[in-house]
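Following: one structure in structure tokens, then a few remarks.
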Amino acid sequence: MADEEAAHKQHRASRAGASAGASKLKKKKKNDRGPSTKQSNPKAFTFRSAVRAKRQQAVSAERQQRKLHVPILDRATGEPPPFVIVVQGPPQVGKSLLVQCLVKHYTKHSLSNISGPITIIAGKHRRLQFIECANDLNAMIDAAKFADLVLLLIDGSYGFEMETFEFLNLLQVHGFPKVMGVLTHLDKFKDVKALRKTKKQLKSRFWTEIYDGAKLFYLSGLIHGKYSKREIHNLARFISVAKFRPLQWRTTHPYMIADRFEDVTAPEDVDANPKCDRNVTIYGYLRGTNLKKTMKVHIAGVGDCSMSAVTLLPDPCPLPSAAKKRGLREKEKLLYAPMADVGDMLYDKDAVYINISDHQVQFSKNCEDAEKTQGKDGDVGETMVKSLQQSKYSIDEKLQQSFIQFFKSSAIQSASDSEADESDESGPEKDDAMATVSEDGRLRRRVMFPNEADEEGAAEENGDEERMVHGEGEGEEEEEGEGEGEEEEEGEGEGEEGKEEQENEENEDGKLEMGNALQWKQGLMNRVGASKSNVNLMQVVYGHVEASSKDKDFQEDISDSDEELFKPKRQRHQASKVPFSVFNLSFFGLKAFLSSGHVDDWHNQEVIEAIRDRFVTGDWNKASQRQKGEVEEDDLVYGDFEDLETGEQHVAAENHEDAERRLKKLALRAAFDAKYPFLSHFCIDILKEDMELQKQRNAAELQDIDATTRIEMEGFSVGTYLRVEFRGMPYELVHHFDARHPILVGGISKSEESAGFMQVRLKKHRWHKKVLKNRDPLVVSAGWRRYQTLPVYSLEDRNGRHRMLKYTPEHMHCIATFWGPLAPPNTGIVTFQNLSNSQPLFRITGTGVVLEWDQSVQIVKKLKLVGYPYKIYKKTAFIRDMFTSELEVARFEGASVRTVSGIRGQIKKAVKAGSGKEGSVRCTFEDKILMSDIVFLRTWTKVDIPRFFNPVTTLLQSRDTVWKGMKTVAELRSEQNVSVPVNKNSLYRPTERQPRRFNPLQIPKALQAALPFKSKPKLSAKRKKPLLESARAVVLEPNERKVVSLVQQLTTIQNDKAKKRKLEQRKKKEAYTAQKAKEEEESKKRRREEIRERHRSQAVPGRPLNKKPRRNV
Amino acid sequence: MKGAQHFRQRLVLSTLSNTALRIDDIRADSEAPGLCDFEASLLRLVEKISNGCGIEINETGTKLRYKPGILAGGRNLVHDCGTGRGIGYFLEPLIILGLFGKKPLSITLRGITNDSRDPCVDTFRTATLPMLKHFGVPIEGLELKVVARGAPPLGGGEVVLKVPIVPKSLTAATWVDEGMVKRIRGVSYSTRVSPHMANRMVDAARGVLNRLLPDVYIFTDHYTGSESGKSPGYGISLVAETTTGCILSSECAATHSGASELQLPEDLGTQAAMSLLQEIKLGGVVDSTHQGLLFILCALCPEDVSKVRVGKLSSYGIKTLQHIKEFLGVQFSIKPDPATGTVLLTCVGSGFQNLYRKVS
């Protein structure tokens, strides 16, 4: 290696060509310059040539502009969720090993299996979530949608594979996150030169794909089956400093990656019917934007579903506290990967599970001595646990033996009897066993929170966790049923929240008094009471929605005042009797104010004086006092905030001075801007400033609102850990669940819920070999969704008409229109024909962007109506067979027609019924047409777009099976062995055209005679007898004869010469051609040999042949 | 949903949020059950400006099923509003829906321009349209032109409304400073009556207002001939502009109160002026009739905080807030400001965007 580097070639200046000339010139100039007086003044050399200066300016301006991007507002505040790092690559490239090494590097924890997301704490302010992307197109599509950073693994010894490029294309379409390449398998190279060359090649290809200077790592090889520590360390450092650009789609849509997935169906139901609909919960960090409870979500690979409950959970992997210290302590290097079965804590809605591996389990001694020493001072729980230890029989056994007498007279029944009767009961018990001891024998214990303990005490004894959780849910539902004031979504949320609300209601109604048992709730009430006056108004508006809507008569009353006018008198009378019950809950005793309502007497001077200060003629000081409340709030606006772009931390102005100074600065800046307008900000800077201001305003407004109201107002904020429950999911989701395929739950906005026609600007991918056929099923990935649909391709004509295409253009964009769940305009889409993994070719068929939505689309194709003349007058002709009825003709009256020979015409009117064939039509033409002419009408007919889409439900089937959707016609034909139908008339036949013979022109004799000579026909008829002149003999003079003979001789000589020359030339040419052919042959041979040689040299020697099949690029 | 109340709001919010709507028991107990003609007219209007919407009404008209389509907008549309309600009834939904259409909306509405129930077109022109400016609506394309006046009962008025589309979304507004009233303007119109009527109303209104502010100017607007509609009528609409650009409005139109006699113009003028003063007294950045519109606009903003101040919550405003929560999922935080007797409302917008617009 060292030798290699030492023996670098020296640079040799070129001695010929353009660059040599340039260098010579330069040298000359250098010599010329010297200490000349001309060049000594540096100010003189700003610009010498105006043209050049202008060009330079343009270049630099362009460079500056190219850097600018429209800023995307990231509304997230607070701690960001862990960044998702997707590790992707073709199979056997070392993905799992890389994740293992990185996790080991961060947490000192060796992972054995990598399934599901792995969350770790990478630094004081950074959490990472590693996800390995399975080698499956569906998994790749989903991964491209949620990755913040992609580690693209490339087998250096093999080169790029199709998967890499497919994934890169997916990334490009779904918003380009940060990408870092990692080259592995570099130890396969024995030859350093080859290694270096390969690296260089791969790098340049990688750069063209991403951007020049994109980071590409080299993992040189394995040490003890692991990547080298130093290299992993370097990689980790790059990961830890990576900046992530907010992506448009993700900043507008909330999404979650399932950290954990549980089936919470009642076990009895599953026992009764294993294929029953399941209730599942999904846990994960909320990303993107805030999630509202009422939002619908799309689970990628399943479909759209509504969340039945969303619960905020404590962060299972919280960032360390913000104490000042240098690094992370060992304790704080958390790892959370519930799907990979590591990490010790599992958080649920109402419980925390601690995993203790078997060898760490220590049971306390159950010897009675210990108990004695402690005596009665011991904790109640402790004694209880100990007493439980002492029991020799398990609960099951005890139950077997216990007897319950249901009725006095009835026989005593044992548990075993009842079990035999009702098989259902055994369900929960079985499940209980499952819940406590997981499959690998690890003990899982439940930690109860204190306030639950008293409520659930009785149930706890059964140890039936699953059932209890379920029961609680039911209880809540009941609550909803009774208390109509509660909103549904609220009731289903946290138990605590529900109670709070209930409490509020009770307070208002005054029906229930606070009992002693409810004292703990008082604390809650106090907390809410911080903004008590607020609550009153809020309750008037939101608290009694249902209650008031029940009271229908009353509703009529407070509705638009005008409704009254339409009410019969009797009814109106009734309505007026109804008391204003809602407004008795007075907020400042104010009544419903309508414009026609109560008006003060404004002739009274006092009344007028009361509002004097609301006018500019009044006292300005008092008016400003009135606004004071606002001023204070405005101050709040500029509270603490962090400029996320610069990482600058702004702290609220502690005293007045700071504020003043800031104002002064701003004033100075404004003055400066006014003075030097050309230096003022770009509009982008202004945009950025506005965004930042808005962000601060948001934060300031929301900070003093209590948590529950805040969730109601803005939804769950980004970065929180959520548990989302779904009801009635298909059982296949649970049955085929595979942790290696992460579940993506993406929120969809209201307008994206429905289906409609989407117009997409689509381009066939240049690596896809064939063009795409109209109406052939295509799998589309747009937004969160994947679905199969039938696109109709079209191009927009100049007049705005969308004209159908049978196939996509080869190298051009076209418009694809299809029916499907809507994705907003500007969303990128990517299409596939087949999602299977066993395709050797590039699987992405096209990429595009959504242009428009609509509920109806006009796409047309050309239609030619053909007719034949059956009666021709001068310029009028009657055409038959073009239409079939008078009605059809009426539609086309005035339309232009044309004959094959190019005579244009117009449709006039249908012939009268009975006077010709039905649907015959009278047309006029610009000239007389022939009976042999065919008349045709060019028109357009609307093409129907199939209203079909089929969600790709890959999560509902085994990962090994290929998802099957609608088949293309070609596939069906090849399956059924049906050949393509051939229309005989459409086949090309050799055209046989008889040469047309025209009759000679006959000019009447009388006319001929009258014509001037110029116009008379000059061709006279052939003579039968030769002319007399030709028969006459010519006798030459002797002199003449001599001349003639001489000329004849000379000509003969010349002809002979020419003949000879011609022969010679031909010979020469033949020889030349022969020579040329020979040379050509030789050079061809040489070239072929060269190519062969090159290929031979390029092939990497010693590749193992037993590797998996590759899809080489 | 039940009942005929707040039909417009439900329709508008259902269309915007793209949620199907079903209303049962529309005046089921009434002697004239079912949808009124003006409600049917509104449905037709919504159908006109949208594409692919489905409306099903049962025989008696007591049940309605509405599936919103996409808002198309378009030019040169014409709608006859009938004489059941004034044009004001149709304008409010139109301006909200028009903002989020595929194409800018320009529509001619025929019917009653001024009556005592609905906000008159003058108020719309002078008070409602400037309000949209605070939410980032391009003000250039926004226009309401009164071609002909139409007073009840026969109408015959005509207005041309032009609404631009918002390019992407509205902008959140922090609009709490109500300022001080600096000028009062107004329009006093008369049609098919003596032009003197308008002057009499102006004099009466000025009599009240001039005690507080000298800067009062009320235009008189007299219509004759074909522009004057089919029925006689007169009325006055006043707007107060504050130093911070808030506009409060009030209006009064002559009605046939019981007998066929119209009210005295002097009474109308005073009444309008007094109700304007009442609005000013209540405070807030908009008057009580515009509360509903204000709340809907706030809720349609991007996911930023909007903050507005209103005088007292009107019952219409309260119902609007409930409907907004139901359809758009936006809840307001409502805080009274005891010092001024006003109410501060804060909300995080629903992140509504104009997704129907075609991108080039």
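In what follows, chains are A, B, ... by sequence order, proteins preceding strands, each numbered from 1. Side chains included, hydrogens not; waters and symmetry mates left out as well; all remaining heavy atoms used.
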* Give, as side chain, backbone, both or neither, the part of L822(A) having an atom under 4.5 angstrom from any heavy atom of chain B. => neither
* Ignoring hydrogens and angles, tell me if any N or O in the side chain of Q331(B) forms a donor-acceptor pair with the backbone of T709(A) under 3.5 Å. => no
* Among D304(B), N51(B), N18(B), residue most engaged with chain A (heavy-atom pairs, under 4.5 Å) -> D304(B)
* To do: Mark yes when over 12 heavy atoms from residues, nucleotides or ligands other than R612(A) sit less than 6.0 Å from its CZ; otherwise mark no.
  => yes
* Asked: Considering only heavy atoms, which portion of I705(A) lies under 4.5 Å from any heavy atom of chain B: side chain, backbone, both, or neither?
  -> side chain
* Does any heavy atom of chain A fall under 4.5 Å from the side chain of K67(B), the backbone, both, or neither of them? -> neither
* To do: Not counting sequence neighbours, which residues clear salt bridge (Lys or Arg N to Asp or Glu O under 4.0 Å) with E241(B)? List them please.
  => R183(B)
* Asked: What pairs with L321(B) under side chain to side chain contact (heavy atoms under 4.5 Å, CB included), at least two apart in sequence or on another chain?
  -> V541(A), Y542(A), F295(B), L313(B), F332(B), I334(B), L345(B)
* Within the distance-only criterion (no hydrogens, no angle test), does the side chain of N290(A) pair as donor or acceptor with the backbone N or O of G715(A) below 3.5 angstrom? -> no
* Which answer fits V850(A), side chain, backbone, both or neither, if we ask what part of it has an atom under 4.5 Å from a heavy atom of chain B? -> backbone
* Where on T243(B) is there a heavy atom nearer than 4.5 Å to chain A: the side chain, the backbone, both, or neither? -> side chain
* To do: Look at the side chain of Q291(B) and the backbone N and O of S314(B), then say whether any donor-acceptor pair between them is shorter than 3.5 Å.
  => yes
* Tell me, side chain or backbone of D854(A) under 4.5 Å from chain B's heavy atoms, or both, or neither? -> both
* Asked: Is there a donor-acceptor contact under 3.5 Å from the side chain of R8(B) to the main chain of Y89(B)?
  -> yes
* Is a salt bridge present between E326(B) and R10(B), judged by a nitrogen-to-oxygen distance below 4.0 Å? -> no
* Asked: Taking every heavy-atom pair that is under 4.5 Å apart, which of R761(A), K292(A), M713(A) has the most such pairs with chain B?
  -> M713(A)
* Structure fact -> Whatever's closer than 4.5 Å to a heavy atom in chain A on S306(B) counts as neither
* To do: Measure distances from S17(B) to the heavy atoms of chain A and classify the residue's part below 4.5 Å as side chain, backbone, both or neither.
  => both
* Find the one option among L16(B), L212(B), T19(B) whose heavy-atom pairs under 4.5 Å with chain A are most numerous. => L212(B)
